[in-house]
Undergrad: 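Would you mind keeping the following structure in view while I ask a few things?
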Amino acid sequence: MEQTLSPRLDLAQFSAQVRQIKDEIARVVVGHNQVVDLLLAAILADGHVLLEGVPGVAKTLLARLTARLIDSRFSRIQFTPDLMPSDVLGTTVFNMKSSEFDFHEGPIFANMVLVDEINRAPAKTQAALFEVMEERQVSIDGTTHRMEEPYTIIATQNPVEQEGTYKLPEAQLDRFMFKIVMGYPTLQQEVTILQRHQANARLAKLEDITPIITKDALLALRDYMKMVMVDDSLLGYIANIVQQTRMSKAVLLGASPRASVTMLQGAKAIALIQGRDFVTPDDIKIVAPSVLNHRIIISAEAEMQGYTVNRIVATLVDNVEVPK
């Protein structure tokens, strides 16, 4: 655990960039500090994020702002019931001048893609994201089109209003690294929001915000994640947490090995964000709920007794002994 990273990795510089990003976000979005950490960790770990929360808690704003702070191509797709897969992926069009078919890229071709209200589109449009989320490519008319790195999809959904929505299948949910739940602000945070509006504070426009980290710098940091130290006891800790989801009577479907790998990568990203070159049990505890809450299905008996996924996940994590 005492081993340090290569001197080429300037953790101080990276930590300063993280603080800058958080400060810029805090100028616009009040609170949600852990949500921001998890969102940055997913981007650093090359994962996708599902942001869930009731309307008005700044899900879309947070996603757009975070993407803006990374110097990369950004696109936004508003999912609606009449959206077709070709509207997302792109389509092949016959060019009369060249007498050839040209491929017109859809909005999915970017580095940071915001999929707003993902559960508003029907299953066939949701399924259009399967390949691109897993393989970072799309296949259209027999031709494979690769995505440019870095590539992250940030999707939002409203858990309350179910009319006119289509539930995401488990296979697609499993492709999201984290499901991050954005709750209501605290009393003091809401007072701060009101004070800003009462003072007619001009909120920063996204177009005026200067990116803080470049694509190349982000990709370089991803390489250094391989050098973050993880003790064998912590690997066992992760495995035990995931095993608990398969053994609990309250869980109908437990988490797969993909959840274990995701928890490891997420913990390493959190460690880097906090300026450390080694993982601690607290890093694992931070990411575990967001890794598991969309990957397990609770039993009907547990649901009838009033248990929720989040409550069961918290209990399972607490039941696993923390390594000394």
Undergrad: Look at the aromatic rings of His145 and Phe109 and report parallel, tilted or perpendicular, splitting at 30° and 60°.
TA: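 Geometry flag for Phe109 against His145: perpendicular rings.
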
Undergrad: If I compare all heavy atoms of Ile193 with all of Pro185, which pair ends up nearest, and what's the gap?
TA: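 That closest heavy-atom pairing would be CD1-CG, 4.4 Å.
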
Undergrad: Step by step, would you call Arg136 with Asp46 a salt bridge (charged side-chain N to carboxylate O under 4.0 Å, His left out)?
TA: CA-CA 11 Å; Arg136 303 302 198 275; Asp46 194 21; 3.0 Å; yes

Undergrad: How far apart are the closest heavy atoms of Leu114 and Ala63, and which atoms are they?
TA: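 Minimum heavy-atom contact is CD1-CB, 3.6 Å.
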
Undergrad: Are Glu149 and Lys215 within salt-bridge range, i.e. N to O under 4.0 Å?
TA: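 No, Glu149 and Lys215 are not salt-bridged.
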
Undergrad: As a quick check of understanding, evaluate salt bridge (charged side-chain N to carboxylate O under 4.0 Å, His left out) for Lys268 and Asp283, giving each step before the final call.
TA: CA-CA 8 Å; Lys268 290 166 73 172; Asp283 298 327; over 6 Å; no

Undergrad: Test your reading of the model: is there a side-chain donor-acceptor pair from Thr156 to the backbone of Thr60, 3.5 Å cut-off?
TA: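 Answer holds: no.
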
Undergrad: Assess Arg68 against Phe74: is NZ or CZ under 6.0 Å from the centre of the six-membered ring, and within 45 degrees of the ring's axis?
TA: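 No, Arg68 does not sit over the ring of Phe74.
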
Undergrad: Is the closest side-chain donor-acceptor distance between Arg76 and Gln78 under 3.5 Å?
TA: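 Arg76 vs Gln78: donor-acceptor pair found between side chains.
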
Undergrad: Arg258 vs Glu134, test: salt bridge (charged side-chain N to carboxylate O under 4.0 Å, His left out). Steps then yes/no.
TA: CA-CA 12 Å; Arg258 180 185 284 175; Glu134 184 68 20; 3.5 Å; yes

Undergrad: Can you give me the closest heavy-atom contact between Thr214 and Asp71, atom names plus distance?
TA: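 Closest approach of Thr214 to Asp71, heavy atoms only: CA-CB, 4.0 Å.
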
Undergrad: Is there a donor-acceptor contact under 3.5 Å from the side chain of Lys179 to the main chain of Leu51?
TA: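 No; judged by distance alone, with no hydrogens or angles, the pair does not exist.
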
Undergrad: Do Thr280 and Asp282 pair up side chain to side chain, a donor and an acceptor below 3.5 Å, judged on atom types alone?
TA: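 No - no donor-acceptor pair under 3.5 Å links their side chains.
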
Undergrad: Return yes if some donor-acceptor pair links the side-chain N/O of Thr143 with the main-chain N/O of Ser139 below 3.5 Å, else return no.
TA: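 Side chain of Thr143 to backbone of Ser139, a donor-acceptor pair under 3.5 Å: no, none is there.
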
